[in-house]
Protein chains: 2
Amino acid sequence: MWVLFIGKLLVHKSNRQLSRTGYTLPMRYEDKKTGMAAWPTSIIAMLDTMKAYFPLKPETQASLATLAKPTNLAKGEYFLKSGDTPTSLAFVYSGLLRAFTTDVEGREYNKIFFAEGSFPAAMVALLTGEPSRFAIECLEDCQLLEINHAAYRQLLHESDDLKLFHIRYLEQNWIIEKERREVELVQADATDRYLAFLQRHPGLQERLPQYHIASHLGITPTQLSRIRKQILETA
Amino acid sequence: MWVLFIGKLLVHKSNRQLSRTGYTLPMRYEDKKTGMAAWPTSIIAMLDTMKAYFPLKPETQASLATLAKPTNLAKGEYFLKSGDTPTSLAFVYSGLLRAFTTDVEGREYNKIFFAEGSFPAAMVALLTGEPSRFAIECLEDCQLLEINHAAYRQLLHESDDLKLFHIRYLEQNWIIEKERREVELVQADATDRYLAFLQRHPGLQERLPQYHIASHLGITPTQLSRIRKQILETA
DNA sequence: CTTGTTCATTTACATAGGTTGATAAGGCTA
DNA sequence: TAGCCTTATCAACCTATGTAAATGAACAAG
């Protein structure tokens, strides 16, 4: 489902227009039939993504649309720097980001990549209110929708349907996904993890240098190179 | 907070009485002042644990009390077998359990230990409705409260306060804890993971054979033995 | 007390993966 | 075209950890 959706979103990339502090998009300010205000396609994409988790009432969708602020970031810019305390989360309309942490010896670990249709956030730091141990960096030019966390949290308490969306989202993206990842890190060797990564994220390898993939797998670029060589020789 | 609470719970262990299908506990069927029905201490312990996450209305607490069924399991018995589809979760009033998975080569990985005050469940299997890849085994005689998941889910949809408890619970025990675990597995070596385990779970080492701890750390008992030796030599 | 069982330790050897530095191989940019 | 980054590969060596088997220690059962 996600893969298909990402494919659909990518179609929009060609007619985007970048500007420094916010992007403009083909926008229908009035729906032809109802005469009501309509939303930019980025917000529609976000709401569609959310509704795939749990149906949202029109009022809830309207409130969410109000909270979502279009933001552009260029490749190399940071959505969040390590040590900063985050106040917002985001939706990726186009582009690619990584969340990574750096240990005492300066080694980076790429915890997750955020492609189109995902919600980059330093979740733990948002929940605890503490500075984030993770940084979130744009690996490509990005069109984001930025959402203030406190306002989202407020809306969460007011909207029953949003609570259920939130529970489903946490279940899918944290419980199920993180459990899979934990077991993989303990029981699978780096070769298996690499092959699993390729299968689970088709198209992502082409957008990433290998050292970023190696870091995500928890190995060095040297070792990933060995593994790739060995896979080619075996096949 | 958790540690203190577990300490308090352990006091009750001496006056528990084990029976095959359910346990009896010192129970005040009527509160002296109000004359209202009161709950067994195990249910009170569970509600106290839950209220530490989010305040629950008396009605919600009463509904939860109705759902909670006292269950005994002896050491070595399974709360859930691998491959079975779970229908319930539990609360640990006394005892200790482990959730583990077995890979194709038969190697076990102890994902988590459940001591007093925790909620053992094959969360992913409950959410997906699929057979569980994890088994949950009693490492000591256990007094549990068993809760039907479908009924809990129903109550979750009806109770606003329970939704917020549930979100807080997921955040604390899945998001924050699993992120810490993931980073630890990638960036810390086994010695650091062992020392961190001892700090984070005081008193648990004494209740577990080392091979269970080794499995939780993702290493062999042989390697844990080496690490322990080295720690003793260094100190 | 003796025996068997379980668990921790130890030894010798094997392997996955890290470290360092050299060497390509592409792409920009002047 | 020449030079300069960045990135991937490779080689040589090192280390943490796995594997398998032997030994020891604690302890329960007869």
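Below, chains carry the letters A, B, ... as their sequence lines are ordered, and counting in each starts from 1.
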Asker: How far apart are the C-alpha atoms of B:Tyr194 and B:Gln205, what are their side-chain angles, what is the distance that settles it, and do they pass the side-chain hydrogen bond (donor to acceptor under 3.5 Å, both in side chains) test?
Answerer: CA-CA 10 Å; B:Tyr194 176 57; B:Gln205 168 165 244; 2.6 Å; yes
Asker: What is the distance, to the nearest angstrom, from the CZ atom on A:Arg107 to the P atom on C:dG17?
Answerer: 16 Å
Asker: Scan A:Asn173, A:Leu126, A:Leu127 and name whichever one has a side-chain contact (heavy atoms from CB on, under 4.5 Å) with B:Ile175.
Answerer: A:Leu127
Asker: Counting only non-hydrogen atoms, which of residues 215-230 of chain B are less than 4.0 Å from DNA chain C?
Answerer: B:Thr222, B:Ser225, B:Arg226, B:Arg228, B:Lys229
Asker: Kindly assign one of parallel, tilted or perpendicular to the pair B:Phe165 and B:Tyr53, based on the angle between their ring planes and the thresholds 30° and 60°.
Answerer: perpendicular
Asker: Residues from residues 184-192 of chain B sitting under 4.0 Å of DNA chain C, heavy atoms only?
Answerer: none
Asker: Just do the salt bridge (Lys or Arg N to Asp or Glu O under 4.0 Å) check on B:Lys178 and A:Glu182 with the steps written out, would you?
Answerer: CA-CA 8 Å; B:Lys178 295 302 166 188; A:Glu182 177 182 347; 3.7 Å; yes
Asker: Quick one: list whatever passes side-chain contact (heavy atoms from CB on, under 4.5 Å) with A:Arg107, sequence neighbours left out.
Answerer: A:Asp103, A:Glu105
Asker: Whole angstroms only, please: what is the NZ-P distance between B:Lys75 and D:dA28?
Answerer: 10 Å
Asker: Would you give the length of the straight line joining atom CD1 of B:Ile213 to atom CZ of B:Arg98, rounded to the nearest 0.5 angstrom?
Answerer: 13.0 Å
Asker: Report the distance from atom OH of B:Tyr211 to atom P of D:dG18, rounded to the nearest whole Å.
Answerer: 18 Å
Asker: Please give, in whole Å, the distance from D:dA26 C1' to B:Gln210 CD?
Answerer: 13 Å
Asker: Quick check on D:dT17: is either OP1 or OP2 less than 4.0 Å from any side-chain nitrogen or oxygen of B:Arg193?
Answerer: no
Asker: Anything under 30° is parallel, anything over 60° is perpendicular, the rest tilted; go ahead and classify B:Tyr109 against B:His216.
Answerer: parallel
Asker: Could you grab the distance from atom CE of A:Met50 to atom CZ of A:Phe91, nearest 0.5 Å is fine?
Answerer: 9.5 Å
Asker: Please give, in whole Å, the distance from C:dA8 P to B:Gln205 CD?
Answerer: 10 Å
Asker: C:dA16 P sits how many Å from A:Tyr194 OH, rounded?
Answerer: 18 Å
